[in-house]
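Below is one structure, written out as structure tokens; comments come after it.
Chain identifiers are assigned alphabetically (A, B, ...) following the order of the sequence lines, protein sequences preceding nucleic acid strands; residue numbering begins at 1 within each chain.
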Protein chains: 2
Amino acid sequence: MPATIRDVALLAGVSPSTVSRALSVPDMVNVDTRARVAIAVERLHYHPNRAARGLITGRTGNVGLVVPDVANPFFASVVKGVQARARRDDIAVFVADTDEEPAVEAGLIRALAKQVDGLVLCSPRSSAEDLAAIAEETNVVLINRGVMGVTGIRFDDEDAMRQALAHLVALGHRQIAWVAGPDASWSNQHRTVGLRAAATARDVELIEVGNFAPTYEGGVAAADQVVATEATAVVTYNDLIAIGLLSRLHARGISVPDDLSVLGVDDIEMSRMAIPALSTIRLPQQRAGQIAVETLIGLITMPEAVPPILRSNALTGELIVRNSTGPAPSPKGRKRSP
Amino acid sequence: MPATIRDVALLAGVSPSTVSRALSVPDMVNVDTRARVAIAVERLHYHPNRAARGLITGRTGNVGLVVPDVANPFFASVVKGVQARARRDDIAVFVADTDEEPAVEAGLIRALAKQVDGLVLCSPRSSAEDLAAIAEETNVVLINRGVMGVTGIRFDDEDAMRQALAHLVALGHRQIAWVAGPDASWSNQHRTVGLRAAATARDVELIEVGNFAPTYEGGVAAADQVVATEATAVVTYNDLIAIGLLSRLHARGISVPDDLSVLGVDDIEMSRMAIPALSTIRLPQQRAGQIAVETLIGLITMPEAVPPILRSNALTGELIVRNSTGPAPSPKGRKRSP
DNA sequence: TTGAAAGCGCTAACAC
DNA sequence: GTGTTAGCGCTTTCAA
């Protein structure tokens with residue numbers, strides 16, 4: 001049975017309220033009273049019951065994090081970032097995995113909302129209306145998703161695509177394929193738009209294939225369509241797709257990057273382990289999680305400090321060059337299997 | 001401001017206790033009273049405040065999960081399993097990532113223990129004493145770790161190694177290398193012992209190298225030592241090491257499985273994406289998480305139903321054959337680079 | 001600087 | 001079947 005504040009008070013020979021003060025506003029209590037309390041706390045291994053405290057202060061000291069799939073390395077990194085930042089402020093985090101099912105999502109979020117001070121949401125699937133509604137009820141920070149009136153942390157997809165294209169163009173590529181991710185995905189839309197703009201600006205031919213699932217299997221499925229184009233390089237919606245692509249290309253005897261350059265987006269752990277190691281645009285996932293928590297803490301402690309409409313923050317990606325991108329083959333040099 | 005039980009009571013024209021009963025023990029209240037309450041609940045979007053309930057029942061309806069690193073795919077799967085099972089019982093889960101630092105671990109666990117009904121611990125690093133002490137204070141289920149007197153879910157490492165060896169022996173291998181994981185790791189010890197026993201039983205020469213970190217880098221580092229042995233096949237502590245091995249072997253021009261067969265343990269997501277796809281012993285990580293929660297619920301609801309000493313449950317692995325294991329090369333057929 | 005008292009939202013006796 | 005009462009562990013007026 002854990003010690004209560006009364007146990008501590010008894011042992012220290014003071015009243016419960018003094019103990020409470022000694023712990024939360026030390027300045028307001030006499031130095032040696034404080035010391036006596038400290039000793040009692042120590043001896044009893046006392047930790048305040050957060051639920052009880054929350055009941056009265058209205059703050060739980062907890063935040064919730066909702067992700068579609070913790071086993072997806074992209075989200076795993078976000079979780080890590082959230083964790084790290086939350087721990088610094090002694091905040092505990094509820095994690096909910098929606099299993100990619102939007103139906104589950106709504107219910108889970110409601111349930112969580114009751115016991116946290118705020119929510120970090122990675123919800124590529126939920127509707128903007130649903131998200132806005134939740135943001136009415138509790139503090140919410142969205143990751144990688146823009147919804148009017150809701151605070152969000154996003155990646156600068158347009159810039160990422162600009163960097164991707166700059167790299168490939170510098171290598172001599174002029175015909176570049178784009179393997180699109182899920183049609184409904186917010187970031188897929190932004191990446192597609194960004195890539196088109198960059199392609200026009202640099203006068204390269206963009207060949208779009210897809211949409212494909214943002215998974216290894218999606219990449220495997222996309223490979224043959226990519227090969228069938230005239231492209232000498234391909235940019236994929238994410239690294240998982242790129243890795244699937246690599247696998248199928250290998251099976252078909254197409255050499256990367258000699259025959260075809262492959263460039264992913266995300267820089268998940270796995271990417272540097274691929275053969276060949278995958279060039280990619282690194283999106284700072286952990287950092288996004290950290291900033292999300294930071295923003296959330298701001299929202300919780302000073303709700304009025306930020307203007308309510310579109311407080312968005314874009315994190316820029318970073319080009320990581322590994323071995324899957326190389327110079328464009330000369331037209332006759334291309335030796336793809338027939 | 002969320003609705004309280006009093007708001008519901010007022011609207012339904014009953015007392016708060018009736019509302020409480022209508023929700024938790026419906027049978028004890030009149031059918032139409034119940035209906036009126038239900039309507040009020042609906043209209044007010046009422047959800048009971050779990051913290052307040054917990055204060056009086058002593059149950060929070062939450063469990064905690066502590067893992068060394070959520071970004072490690074092995075633990076990510078465990079998290080997923082825990083999540084899935086907990087959701088079925090409407091249990092929320094706190095996840096804490098210790099960042100592989102045992103020092104952080106102890107503090108985090110204490111903090112969590114206060115606000116949960118029980119803890120699932122993946123703590124390869126913490127000392128048995130620490131774990132036993134925590135188990136004194138709250139309900140604990142350990143994953144992949146045996147500690148006297150503490151309930152645990154483990155994988156049958158010995159059997160896994162038996163299966164590994166059977167597979168390789170059947171392919172004609174007689175000299176097999178073992179890349180050991182961290183010396184202090186509980187499962188590394190068990191796997192090593194299991195493998196030695198199996199090797200003796202089948203009369204194969206076991207060549208041990210290591211210890212290495214259970215990471216991609218660990219595998220890269222181990223590769224050259226493996227190559228320097230006479231082994232025609234290698235079993236690694238886990239898949240991550242195997243994938244690192246694959247990478248370095250590829251760089252050195254050593255063909256897998258023609259020159260050397262590689263067999264991992266775990267079957268993380270990444271393994272089927274490796275080139276060549278990795279043969280491995282699948283350990284049911286999600287299932288372990290599920291069973292852990294199930295066991296924890298048992299511990300919480302009927303603490304006396306299980307004998308206190310060594311309630312261990314071993315999950316058996318399953319051999320997954322992909323492309324990284326093949327027949328042993330004939331002695332003259334081996335064409336490793338000099 | 002400290003203590004007494006009230007109450008956060010809820011449930012569990014105990015009456016009726 | 002239902003209402004009344006008390007109290008879970010804590011913080012926060014309000015007095016002293």
Options C:dG3, D:dC8, C:dT11, nucleotide nearest the side-chain atoms of A:Ser17: C:dG3

Sort out for me which residue in A:Ile291, A:Ile143, A:Leu283, A:Asn144 forms a side chain to side chain contact (heavy atoms under 4.5 Å, CB included) with A:Leu315. A:Ile291

Rounded distance in Å - CZ (A:Arg6) to C1' (D:dG7): 11 Å

Which nucleotide wins on minimum distance to the side chain of A:Asn49, given the candidates C:dC10, C:dT2, D:dG9? D:dG9

Could you check which of D:dG3, C:dA12, C:dG3 has an atom nearest any side-chain atom of B:Thr57? C:dA12

What's the CG-C1' distance between A:Leu44 and D:dG9, to the nearest Å? 14 Å

Selection from C:dT11, C:dG7, D:dT2 that lies nearest to any side-chain heavy atom of B:Ile5: C:dT11

Approximate separation, where rounding is to 0.5 Å, of A:Asn72 CG and A:Asp266 CG: 8.0 Å

Take atom CZ of B:Arg50 and atom C1' of C:dC8, then tell me their distance rounded to the nearest Å. 19 Å

Looking at B:Arg21 and D:dG3, is any side-chain donor or acceptor paired with a base atom of the opposite kind under 3.5 Å? yes

Using the closest heavy atom to pick a nucleotide of DNA chain D for each, name whichever of A:Pro2 or B:Val14 lands nearer the 5' end. B:Val14

Could you tell me whether the side chain of B:Gln290 and the main chain of B:Lys80 form a donor-acceptor pair under 3.5 Å? no

To the side chain of A:Thr33, which of C:dG3, D:dG9, C:dT2 is closest? C:dT2

Taking CE from A:Met28 and P from C:dT2, how many angstroms apart are they, rounded to a whole number? 10 Å

Proximity to the side chain of B:Ser20 - top-ranked nucleotide from D:dG9, D:dT12, C:dT11: C:dT11

Round to the nearest Å and state the distance from B:Leu55 atom CG to D:dG7 atom P. 14 Å

Of the options D:dT2, D:dG3, C:dT11, whose atoms approach the side-chain atoms of B:Ser15 most closely? D:dG3

B:Asp117 CG to D:dC8 P, in whole Å, measures 19 Å

D:dT11 P sits how many Å from A:Arg53 CZ, rounded? 5 Å

Can you tell me how far the OG1 atom of A:Thr60 sits from the CG atom of A:Leu55, to the nearest 0.5 Å? 11.5 Å

How long is the straight-line distance from CG of B:Leu44 back to CG of B:Leu10, given to the nearest 0.5 Å? 10.0 Å

Which nucleotide in D:dC10, C:dT2, C:dG9 has an atom nearest any side-chain atom of A:Thr18: C:dT2

Starting from P on D:dG9, measure out to CG on A:Leu10 and report it in whole angstrom. 14 Å

